[in-house]
Amino acid sequence: MDAQQNTLEIKDLTVEYLVDDEVVHAVTGVNITIPAGRTFGLVGETGAGKTTTALSILNLLPWPAGRIVSGEIFVNGQDVFKMPPKTLLAMRGSQVAMVFQDPMSSLNPIKTVGEQIAEGMKIHRGVSDKEALLKATNLLEMVGIPGSRVSAYPHQFSGGMKQRVIIAIALACNPELLIADEPTTALDVTIQAQVLKLIRELKENSRMAMLLITHALGIVAEVCDFVGIMYGGRIVECGTLADIFDNLRHPYTRGLFDSLPDIENRRAELKPIPGLIPDPMNLPPGCAFHPRCAYAKPECARDFPQARWLSDTHHVSCHLYDETTENML
Amino acid sequence: MQATSAARPITTKKEFYAQFRKKSIAHELWLRFLKNRTAVIGLVIFCFIVTVAVAAPWLTSYDNVVVKMNIAERLQPPGTAHWFGTDELGRDILARIVYGARISLVIGISAISVSLVVGLVLGGAAGYYGGKIDSVIMRAMDVFLSLPDVLLALAIIAAFGNTKLNLTIAIGLSFAPKFSRVVRSAVMGVRDNEYIEAARSIGALDTRIIARHVLPNCIGPIIVQVTLYVANAILTIAALSFIGLGIQPPTPEWGNMLASGRTYMRDFPHIVMAPGLAIFFTILALNLLGDGLRDTLDPRLKH
Amino acid sequence: MGEILLEVKNLKKYFHVAAGTLHAVDDVSFTIEEGRTLGIVGESGCGKTTLGRTILRLIEPTSGELTFNGRDLRKLNGGEMRYMRREMQIIFQDPYSSLNPRKTIAETIEEPILLAGLIPDSDKRFMRVLELMDTVGLAQRLINTYPHELDGGRRQRVGIARALAMKPKFIVCDEPVSSLDVSIQAQILNLMKTIQRDMGITYLFITHDLSVVNHFSDDIAVMYLGRLVEKAPAEALFQKALHPYTEALLSAIPVARIHNRPERILLKGELTSPVNPEPICRFAARCNQCMDICTREEPPLIEARPNHFVACHLRKPMEA
């Protein structure tokens, strides 16, 4: 990879939740590396562990239920779990910013958007009120909202605009890493297109790295450089955009692509993945996907397959590739 | 799971239900409730009070002990013969407390039952239909809510006479507006769920929808309020009796016991301490129980 | 096939709000033939959800005509409409709020049959419930489960079973798969298609997801701010959309491909308000092909190609 430092390195992260005396294995053995200026798409369905992974980066897991069992996370070379609390606080909002899914509840209804954008700047950069306001106005323009609306309140904005305000807040301190958890899911398709365009422009004009969490492969195709497919708390396949879209290897990945309606071929019946998404409290043994997998072998129910590197960039965790790197699907 | 052999297919509903039992929601809630220690304490204390009240006739004799004056033994401090001591007329205080519990509980629970029925009807209609019906009912309730509880009960008693029945109705009516509010907001919370619309789409009449779909899902907040309002009702009864307008002596009631013991308070504090503590513990128990129920039934904690 | 089952004419639903009159559904007209699926697409605020409910008179229309199977729905009183509902059912969007949390799924599915009095015998009725559960792919052992014990996909199947209980002819599907995970969506859509084939049901399929609607509909109608802006058979719409909004909508669909990605048409601005709208083209403010007349007159719905309707000043009606 690059000689320079990676903005984000997650190494072997394992996270558990304690719910009513039961242990939920939310995330197991996850590795993610994001070089500066690149976007990593973390793809998975409900309960796959994507949001838990994201929250772990800033040590924002719900307490006391969430527990980081093992693993390390480095942001720009700094170990997040070992840093003093003050440093972590300083990092949140300035070096690492997060955009959550629901724009409706992420904004404080009793503060103007200008105040909310400026808040981070005042905390982390010690900027004066006047300067902060000016910067906030500029940021609004940057995300496509007229600067004059800096003194408006959240309820005066539509859903799409609120999400853009949230992005402006996240960008206020020029973060080096942006974590976006389903940033466009709650938005209409045409608004989503606008927001994705904004995200693409941000990518091109800055060295900001981004972790984009989504369940939509279409969005991944549009803005991501790398893709990780998550299932049952683990990354089952990971690679560059081309690796995943042109050369996928894992049966679950194949199932995800097959479940999508094909615009070109409307008459064809959809090919859903049979069965149900596993309950994180009750994951199947071995490879969590084996009950639904058309290629399952006896060992799939026993051991979770170790990650197998198919190329410099592409790895997959599937027993189909224990012996070979040829495409087995 | 399959206890029966597959030879004969199951054809009746009964057999199916026997094989695939319903999971009891009540059972699960009970288990969750038990985890809340203060709530369990409240429940235990309250059950104790109820048991004592119910068992009163077997524990002591009403005529001989509770109301019979015995001047020779008056104002005795707590001791072996009389565990709580005797009052100014020589009556055993413990026995009077026990019978007082009966009065408080019976009237309190009956009164709140009245409120509940009125509240369910009015609050249910207001919450479900909204619009003009809501406005009319709620404005009427507001009029009553603007009066302090005790005052309203007072007015009714003054007008219609001081009997246990009137007392029950008076307190019941004074809590009805509060209940209407609670029921109304619970109903409004449930009304916007799609299953209500679904019930209409399959042809259910409004009465069925309210009875079978809306109210069963509102029980949570309503039950919590019931326990809390019973506590309030008991307090109101005591207050009214204290000022002489509720239960009249010689019938023992914690409030009137406090009133008659007032003059002797300085030298013989045990006379007022007993009823005071009885009221205290009853209210405490009900409040702990109510809070515990609220936590147990909190929908956010649900699955 | 070929018989018109539902005819909607000039349907309007206005709401009175503080700021004025909200035109949720504004003069919508279309027909659906028996056994076919009409997809209604649009984004938030376009009125599609209100349209679905107004057709079933779960919300009362402000004005317009509704003819179902030859009967004028607006002339029916409460009891007659309830009776009519046996033939017109609805599947809701949210699998979490569309089932009564206190009823087991068997009770939920049984209720419509019970209310209609179709099967008085308790055991026979129960057998019908089992039959319905089987149709929608729910295991028998789930009869006494409560909604919270099931995942979204299964709950949605319960909703479908409930809708099918009275053997309806017509079902309004209000975003039935939008709340489900991608791999489950496909399962439910396949199920709905199978049911349509086996039972000859007519669907009104409301959604914001264009890729799904293409797969699932015979004809598609596009709504914008309460008005019907385009209606055509699905292939025709996707091949050549005639309304600028439809074009933008189609180009905005995220495509799960990294090669040959379509050119995106981006709309400027935001939705204008549906309250007290002006009698001009409601899309004018955002349209990149806006002409002078668009800001002065409301475009009528015309047939620009055979069976392809559009409301846009850019298009001319077919030569007669």
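Chain letters run A, B, ... following the sequence lines, proteins first and then strands; every chain starts at 1.
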Between Q185(C) and S259(A), do the side chains contain a donor N or O and an acceptor N or O under 3.5 Å apart?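 The criterion, which ignores hydrogens and geometry beyond distance, is not satisfied for Q185(C) and S259(A).
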Check each atom of L189(C) against the heavy atoms of chain A and say whether the ones under 4.5 Å are side chain, backbone, both or neither.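 For L189(C), side-chain heavy atoms alone lie under 4.5 Å from chain A.
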Contact check, side chains of [X] and [Y], non-hydrogen atoms, under 4.5 Å:
| X | Y | result |
| --- | --- | --- |
| D151(C) | L276(A) | yes |
| L270(A) | Q187(C) | no |
| E222(A) | R264(C) | yes |
| N214(C) | P261(A) | no |
| I277(A) | S183(C) | yes |

Quick one: of R154(C), H259(C), R261(C), who has the most non-hydrogen atom pairs under 4.5 Å with chain A?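 When all of R154(C), H259(C), R261(C) are compared, R261(C) has the most.
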Give the member of I188(C), N190(C), L266(C) that has the highest number of heavy-atom pairs under 4.5 Å with chain A.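 The option with the most such pairs is N190(C).
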Counting only heavy atoms from other residues, nucleotides and ligands, does the tally under 6.0 Å from CD of Q289(C) exceed 12?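 Enclosed: over 12 neighbouring heavy atoms sit under 6.0 Å from CD of Q289(C).
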Taking all atoms of both residues into account, what is the closest heavy-atom pair of [X] and [Y], and its distance?
| X | Y | value |
| --- | --- | --- |
| L267(C) | Q194(A) | O-NE2, 2.5 Å |
| T190(A) | R286(C) | OG1-NH2, 4.5 Å |
| R257(C) | A221(A) | O-CB, 3.5 Å |

Main-chain N/O of T46(A) paired to D181(C) side chain as donor or acceptor, under 3.5 Å: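 The answer is yes, because a donor-acceptor pair under 3.5 Å joins these two groups.
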Chain C interface, residue from Q192(A), K271(A), M161(A) that has the most non-hydrogen pairs under 4.5 Å: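 Most pairs with chain C among the choices: M161(A).
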Picking from D279(A), D246(A), I219(A), which has the most non-hydrogen pairs under 4.5 angstrom with chain C?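 The candidate making the most pairs under 4.5 Å is D246(A).
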Given that the side chain runs from C-beta out, which part of L187(A) has a heavy atom under 4.5 Å from chain C: side chain, backbone, both or neither?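 It is neither, since no heavy atom gets under 4.5 Å.
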